[in-house]
2 protein chains.
Amino acid sequence: MTERVAASSGRSGRRKRPTMLDVAREAGVALRTVSRVVNEDPTVGAQLASRVQAAISALGYAPDERAQQLRRGTSGTVGAAVRNLADAHPVLSAVDNAAREAGLAVLAMSTEDDEQRERAAVMSMCRRRVDGIVIEPIGMSHDYLSTELAAGLPLVAVDRPTGGVEADAVLSDNAAGIGMAYRQLALHGHQRIGYIGDDERIFTGRERAAAFRACVAASGGPLDGMTHPGAVSPGRISAALAAVFSGPTPATALITGNAETTIEVLRHLGADAGRVALVGFDDFPLADILRPGLTVVAQNSAVIGRTAIDLLVARSADPARPVQTVTVPVELIARGSGELPPPD
Amino acid sequence: MTERVAASSGRSGRRKRPTMLDVAREAGVALRTVSRVVNEDPTVGAQLASRVQAAISALGYAPDERAQQLRRGTSGTVGAAVRNLADAHPVLSAVDNAAREAGLAVLAMSTEDDEQRERAAVMSMCRRRVDGIVIEPIGMSHDYLSTELAAGLPLVAVDRPTGGVEADAVLSDNAAGIGMAYRQLALHGHQRIGYIGDDERIFTGRERAAAFRACVAASGGPLDGMTHPGAVSPGRISAALAAVFSGPTPATALITGNAETTIEVLRHLGADAGRVALVGFDDFPLADILRPGLTVVAQNSAVIGRTAIDLLVARSADPARPVQTVTVPVELIARGSGELPPPD
DNA sequence: AGCTTGCGGGATAACGTTATCTCACCCTGA
DNA sequence: TCAGGGTGAGATAACGTTATCCCGCAAGCT
């Protein structure tokens with residue numbers, strides 16, 4: 001790592017920031033008048049206002065939002081406790097946009113799929129007195145939030161419901177998505193379809209595996225050895241793949257339960273990836289530049305994010321409104337991999 | 001979108017949050033004593049402390065961090081103004097982790113590559129009195145920050161330097177990266193190499209294009225028609241590709257100047273992608289599952305993020321220290337696409 | 001002229017915390 | 001018995017805003 005020290009001698013040390021009082025003195029008016037100008041109170045005269053404005057820009061004054069929040073009692077911020085900040089997160093982006101339109105800033109924190117970190121992040125948000133929290137729940141139990149909820153904290157769960165406490169939630173239609181994937185493969189001649197997905201201890205893993213089993217049962221297909229939920233680790237994926245594609249009646253097609261699994265499966269299939277019919281739950285960037293293109297069940301992140309903020313704002317306005325769960329439809333995007341015929 | 005209204009009657013309305021004074025009354029002690037207990041001041045007696053603790057948990061009290069910040073004069077928060085929140089952002093993740101270890105929370109805001117939004121985001125952070133800002137600069141000029149910088153705001157630019165004001169910066173070694181890419185292709189027999197990259201109005205686009213030209217000049221190769229900087233739009237990429245691969249001496253290999261360009265190029269190449277030698281600047285998830293695997297020049301996001309926070313903390317401790325620019329090495333990851341031989 | 005009205009603008013008290021100062025108290029030593 | 005120190009805990013003043021109250025002043029009315 002190369003370090004280059006610039007010629008400049010740096011800054012002039014930390015001066016204290018100008019406060020409203022400084023502006024008032026500079027403009028020769030009372031403190032309260034500066035406040036009025038900042039808040040565009042129409043009762044202040046035009047030439048006096050411009051004098052204050054001049055003082056504001058002369059001093060480079062910017063109001064301290066913490067003090068405003070403290071005084072006003074509202075923070076204008078929503079917390080977003082998301083699983084991951086490193087990977088693509090279209091829902092967070094949608095939340096950010098919707099929040100901005102509602103005049104709210106977003107305090108995003110990563111939970112890294114860790115229950116302790118989720119709790120730490122959420123409690124930190126509470127201490128900051130955010131106006132609401134959007135959470136991708138990790139843990140099974142969110143009892144630690146019951147006091148905050150009772151105090152009126154608007155909380156919206158995204159992707160999975162909260163456990164132990166009642167809160168608004170925005171979920172994707174997991175069962176419908178699995179159904180779409182299954183029907184698409186069946187439509188293209190597949191009778192033996194395998195499923196590899198997330199751990200059933202996780203809500204989405206549970207819902208999708210259950211939906212898959214229901215599809216198989218409904219179509220009268222063979223059930224045993226076709227459903228493989230579990231943690232996303234290279235070893236387990238490899239074993240699951242071996243199980244699905246071996247035995248007397250090997251699968252001819254595969255449904256993967258989330259993006260991570262899909263990618264790990266593709267990694268294992270390697271050069272064979274083009275030969276097996278595959279539909280993945282979750283779209284991801286670059287799914288379209290694979291050969292063949294990857295057929296996916298895509299969640300509608302934009303709608304999910306916006307709905308989450310809508311629910312947050314609604315609860316904020318009326319803390320007593322009934323708890324609501326919104327299910328957002330998913331969409332099948334056919335790109336080729338799900339339309340491959342069986343080997344025969 | 002399906003809506004389901006749960007049976008529950010919702011919450012009990014918004015109660016006011018308990019304050020330190022409430023705890024003091026509950027425990028029958030003075031306000032100041034509660035503060036001492038919260039801050040683990042050892043001068044408070046054991047049984048009194050436990051009595052206060054009991055009152056705290058009975059009331060579900062959590063200190064108001066805004067008031068603490070106001071009083072203490074520090075916010076324990078760093079702002080992160082990043083280009084994008086929707087796509088993968090390993091640097092942000094590294095910043096988040098490093099900041100957490102330093103006891104700082106991260107207020108992440110997206111600038112969406114928009115100069116106005118960058119400014120709005122940064123000013124909003126300033127109003128929140130963050131202890132420092134990590135920024136991926138968008139605009140050419142950051143003069144609007146000069147007052148804040150003079151007031152001692154620690155500012156660290158990441159990926160690109162700030163314009164018009166002096167600030168610490170963490171940059172990748174763009175020239176070395178382009179050099180690595182060029183040498184790798186030359187090593188595998190390529191003599192005519194093309195470059196498609198970002199607009200030269202953008203710092204990284206400028207640096208990388210310049211480095212590429214220097215490589216070509218140094219190896220005595222043909223320069224004209226080989227360097228194609230510009231905005232990343234499907235139309236321009238398509239035109240650039242046509243230009244590079246046509247004419248009397250078409251290129252046999254390609255360097256792409258950033259991840260966006262790489263992906264757009266792959267999209268255009270389609271089935272031919274496996275036939276052209278390609279090295280991309282920037283690694284991205286899934287680059288390894290393409291066929292052939294994509295050879296890339298990878299930036300060290302983890303080091304970049306950590307260094308940014310280190311610089312921030314250092315400047316916070318000593319506002320007068322000289323401005324510093326740290327250059328982080330890049331790494332070539334050979335996965336196949338950069339090792340393809342020329343067609344002959 | 002004296003009174004009301006309206007309006008621009010100033011003093012002051014919150015908001016919830018922490019820092020400084022003060023004080024009451026207990027224990028020790030002479 | 002009393003001085004002296006150390007210790008635990010309370011009163012009070014900030015931090016930078018905004019909200020409430022109030023006042024001075026000019027104009028319009030009788």
Side-chain angles (χ1 to χ4, degrees), chain A residues 14-53 55-56 59-77 124 126-131 151, chain B residues 14-53 55-56 59-77 124 126-131 148 151-152:
Chain A
R14 188 179 304 222
R15 273 202 305 274
K16 238 183 51 188
R17 253 169 221 284
T19 161
M20 224 170 223
L21 193 58
D22 298 323
V23 176
R25 273 195 282 259
E26 172 86 8
V29 297
L31 169 64
R32 185 67 184 90
T33 303
V34 180
S35 170
R36 275 192 256 258
V37 171
V38 168
N39 293 21
E40 291 172 351
D41 188 321
T43 69
V44 64
Q47 82 283 11
L48 193 58
S50 67
R51 184 148 57 96
V52 172
Q53 283 292 0
I56 284 177
L59 268 60
Y61 167 78
D64 187 329
E65 210 162 289
R66 298 170 301 182
Q68 291 183 322
Q69 290 175 12
L70 188 59
R71 183 61 241 233
R72 292 208 254 245
T74 178
S75 69
T77 309
S124 160
C126 289
R127 282 194 302 274
R128 279 159 197 270
R129 299 293 189 265
V130 294
D131 291 338
Chain B
R14 189 178 305 223
R15 272 202 306 272
K16 235 182 53 189
R17 256 171 219 284
T19 160
M20 222 170 226
L21 194 58
D22 298 324
V23 176
R25 273 196 282 260
E26 172 85 8
V29 296
L31 169 62
R32 185 66 183 91
T33 303
V34 180
S35 171
R36 275 193 255 261
V37 170
V38 167
N39 293 21
E40 291 172 354
D41 188 322
T43 69
V44 65
Q47 82 284 11
L48 193 57
S50 68
R51 184 148 56 98
V52 172
Q53 282 293 358
I56 285 176
L59 268 60
Y61 166 77
D64 187 327
E65 212 163 288
R66 298 169 302 183
Q68 292 182 322
Q69 290 175 10
L70 187 58
R71 185 58 241 242
R72 294 209 255 246
T74 178
S75 70
T77 309
S124 159
C126 289
R127 281 194 302 275
R128 278 160 198 269
R129 299 293 190 265
V130 293
D131 290 338
E148 299 292 338

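- Base contact: A:L31 has a heavy atom under 4.0 Å from a base atom.
- In this structure, the nucleotide among D:dG10, C:dT17, C:dG8 sitting nearest to the side chain of B:R36 is D:dG10.
- The base of D:dT17 is not paired with the side chain of A:R71 by any donor and acceptor separated by under 3.5 Å.
- Base engagement by B:R32 is indicated by at least one non-hydrogen atom pair under 4.0 Å involving a base atom.
- Listed by chain and number, the residues in a side-chain hydrogen bond (donor to acceptor under 3.5 Å, both in side chains) with A:E26 amount to none (sequence neighbours excluded).
- What separates CZ of A:R127 from P of C:dT17 is a distance of 12 Å, to the nearest Å.
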Which side-chain N or O atoms in residues 40-51 of chain A pair as donor and acceptor under 3.5 Å with protein atoms at least two apart or in another chain?
| from | atom 1 | to | atom 2 | distance (Å) |
| --- | --- | --- | --- | --- |
| A:D41 | OD1 | A:T43 | N | 2.9 |
| A:D41 | OD1 | A:T43 | OG1 | 2.9 |
| A:S50 | OG | A:Q47 | O | 2.9 |
| A:R51 | NH1 | A:A27 | O | 2.4 |

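- For B:S35, a side-chain nitrogen or oxygen approaches OP1 or OP2 of C:dT18 to under 4.0 Å.
- With respect to B:R66 and A:E65, no salt bridge is recorded, no charged nitrogen being found less than 4.0 Å from a carboxylate O.
- Distances shorter than 4.0 Å separate none of the side-chain N or O atoms of B:T19 from OP1 or OP2 on C:dC15.
- Side-chain contact between B:Q53 and B:V37: present, with at least one pair of heavy atoms (C-beta onward) separated by less than 4.5 Å.
- Note on B:A67: a base of the nucleic acid sits closer than 4.0 angstrom, heavy atoms only.
- Among the protein residues, B:V29 comes within range of the sugar-phosphate backbone only, with heavy atoms under 4.0 Å from sugar or phosphate atoms but none that close to a base.
- Within the nucleic acid shown, A:R66 has no heavy atom closer than 4.0 Å to any nucleic acid atom.
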